[in-house]
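Notes for the one structure printed next.
Small disclaimer: the values here were computed from a predicted structure and weren't measured.
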Amino acid sequence: MTGPIRLYMTISLDGFVAGPDDRPGQEMGRGGFRLFDWLADGHGDGPSAQVVAEATATGALISGRRTFELAGRWGGDHHDGVPIHVLTHHVDPDDVPPGSARFYTDVVACAEEAREAAGDRGVMVHGAGAAQALLKAGLLDELDLQVVPVLLGAGRRLFGEGAQIELEPVRRLEDRGVLHLRYAVRR
């Protein structure tokens, strides 16, 4: 049995995963790092710690290229040496990613290889572009959203316009400054 391909993203109440002007040196945009205040409670016994533990128990990672680059390529190791699968529109043969990271232009191949690498554990997904590509291809199983009660007003949206997707609520956890929501994608 394989684990789910699950998006883990922190999001503002108005749907942004980064504030305006996200770029190297200002990776979360203006005001965007506020979205991660909940991580102060990411250790211990509370709901936020449960979410962090589940995320870091995954066996592989799928990331969008923009997220991968803005995160400094995670130095080649996102967590525990799990394979990093990076979705991109173009692969430069001279660009060798660090550690276990590998570039993919085919979303299906990326998802298949990530599932294989993860074995019976889940696959973590990071990045709005990766989430949108996997949803469009029918390959995203669940969304685990950390909803922070702030309105950023502008920035990088998690979801843009596209196909209507039906979701089924699976879990709701509340902690200081965040609501952890998990949804299964209805097929």
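- For His85, there are no side-chain hydrogen bond (donor to acceptor under 3.5 Å, both in side chains) partners at least two apart in sequence or on another chain.
- Partner of Trp74 under the side-chain contact (heavy atoms from CB on, under 4.5 Å) criterion, out of Pro98, Ser63, Pro97: Ser63 alone.
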Evaluate side-chain contact (heavy atoms from CB on, under 4.5 Å) for Val148 paired with Asp37, printing each intermediate quantity in order.
CA-CA 9 Å; Val148 177; Asp37 288 354; over 6 Å; no
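- Thr58 places none of its side-chain heavy atoms less than 4.5 Å from the side chain of Val82.
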Verdict with supporting geometry, Arg171 and Glu142, salt bridge (charged side-chain N to carboxylate O under 4.0 Å, His left out):
CA-CA 11 Å; Arg171 179 174 78 181; Glu142 295 180 340; over 6 Å; no
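- Using modelled atom types and a 3.5 Å distance limit, the side chains of Ser48 and Asp175 yield a donor-acceptor pair.
- Checked by atom type and distance alone, the side chain of Asp21 never pairs as donor or acceptor with a backbone atom of Gly29 at under 3.5 Å.
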Applying salt bridge (charged side-chain N to carboxylate O under 4.0 Å, His left out) to Asp120 and Arg115, what does each step give before you reach the verdict?
CA-CA 8 Å; Asp120 62 349; Arg115 271 197 206 271; over 6 Å; no
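- Residue pairs meeting the ring pair (Phe, Tyr, Trp, His ring centres under 6.0 Å) criterion with at least one member in residues 149-182, sequence neighbours excluded: Trp38-His180.
- Within the 4.5 Å cutoff, the side chain of His90 has no heavy atoms near those of the Phe103 side chain.
- Contact of the Leu7 side chain with the Leu145 side chain is registered, since non-hydrogen atoms from C-beta on lie closer than 4.5 Å.
- The distance from the OG1 atom of Thr67 to the CZ atom of Arg73 is 13.5 Å, given to the nearest 0.5 Å.
- Residues Asp141 and Ile5 share a closest heavy-atom pair of OD2-N, 2.8 Å.
- Every residue two or more places apart in sequence or in another chain that forms a side chain to side chain contact (heavy atoms under 4.5 Å, CB included) with Thr105 is listed here: Thr88, Val91.
- Cluster annotation: Val150 is not connected to Leu179 through the hydrophobic network of ILVMFWY side chains, with a link wherever side-chain heavy atoms come within less than 4.5 Å.
- For the pair Arg172/Arg182, no side-chain contact is recorded, criterion being any heavy-atom separation below 4.5 Å from C-beta on.
- Hydrophobic clustering, with ILVMFWY side chains joined whenever heavy atoms are under 4.5 angstrom apart, keeps Leu70 apart from Met9.
- Nearest heavy-atom pair across Pro20 and Ala154 is CD-O, 3.4 Å.
- The shortest distance between side-chain heavy atoms of Leu151 and Ser12 does not fall below 4.5 Å.
- Taking 4.5 Å as the limit, every side-chain heavy atom of Leu35 sits out of range of all side-chain heavy atoms of Ile11.
- Judged as a side-chain hydrogen bond (donor to acceptor under 3.5 Å, both in side chains), and not counting sequence neighbours, the contacts of Arg66 are Asp22.
- Across all their heavy atoms, Val17 and Met28 have their closest contact at O-CE, 3.0 Å.
- Taking a 6.0 Å sphere around CG of Asp95, one finds it holds more than 12 heavy atoms contributed by other residues, nucleotides or ligands.
- Note that the CD atom of Glu168 and the CG atom of Leu143 stand 13.0 Å from one another [nearest 0.5 Å].
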Listed pairs under 3.5 Å, donor-acceptor, residues 123-132 side chains, sequence neighbours left out:
from, atom 1, to, atom 2, distance (Å)
His126, ND1, Tyr8, O, 3.1
His126, NE2, His78, NE2, 3.1
Gln132, NE2, Leu158, O, 2.7

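- The SG atom of Cys110 sits 4.5 Å away from the CD1 atom of Ile62 when rounded to the nearest 0.5 Å.
- At least one donor-acceptor pair closer than 3.5 Å links the side chain of Gln146 to the backbone N or O of Asp144.
- Across all non-hydrogen atoms, the minimal contact from Ala40 to Arg176 is CB-NH2, 4.3 Å.
- Taking 4.5 Å as the limit, some side-chain heavy atom of Leu173 sits within range of a side-chain heavy atom of Gln50.
- Atom CD of Glu69 has more than 12 heavy atoms from other residues, nucleotides or ligands within 6.0 Å.
- A cation-pi arrangement, defined by a distance under 6.0 Å to the six-membered ring centre and an angle within 45 degrees of its axis, is present between Arg157 and Phe16.
- What you find for Pro83 and Ser100 is that their closest heavy atoms are CA-OG, 3.3 Å.
- No more than 12 heavy atoms of other residues, nucleotides or ligands sit less than 6.0 Å from atom NE2 of His43.
- Each of Leu181 and Val52 belongs to its own hydrophobic cluster when Ile, Leu, Val, Met, Phe, Trp and Tyr are linked at side-chain heavy-atom distances under 4.5 angstrom.
- Considering only residues two or more places apart in sequence or on other chains, Ile165 meets the side chain to side chain contact (heavy atoms under 4.5 Å, CB included) condition with Leu135, Leu167, Val185.
- Pro149 places none of its side-chain heavy atoms less than 4.5 Å from the side chain of Leu13.
- A salt bridge does not link Arg187 to Glu166: none of the charged nitrogens lies less than 4.0 Å from a carboxylate oxygen.
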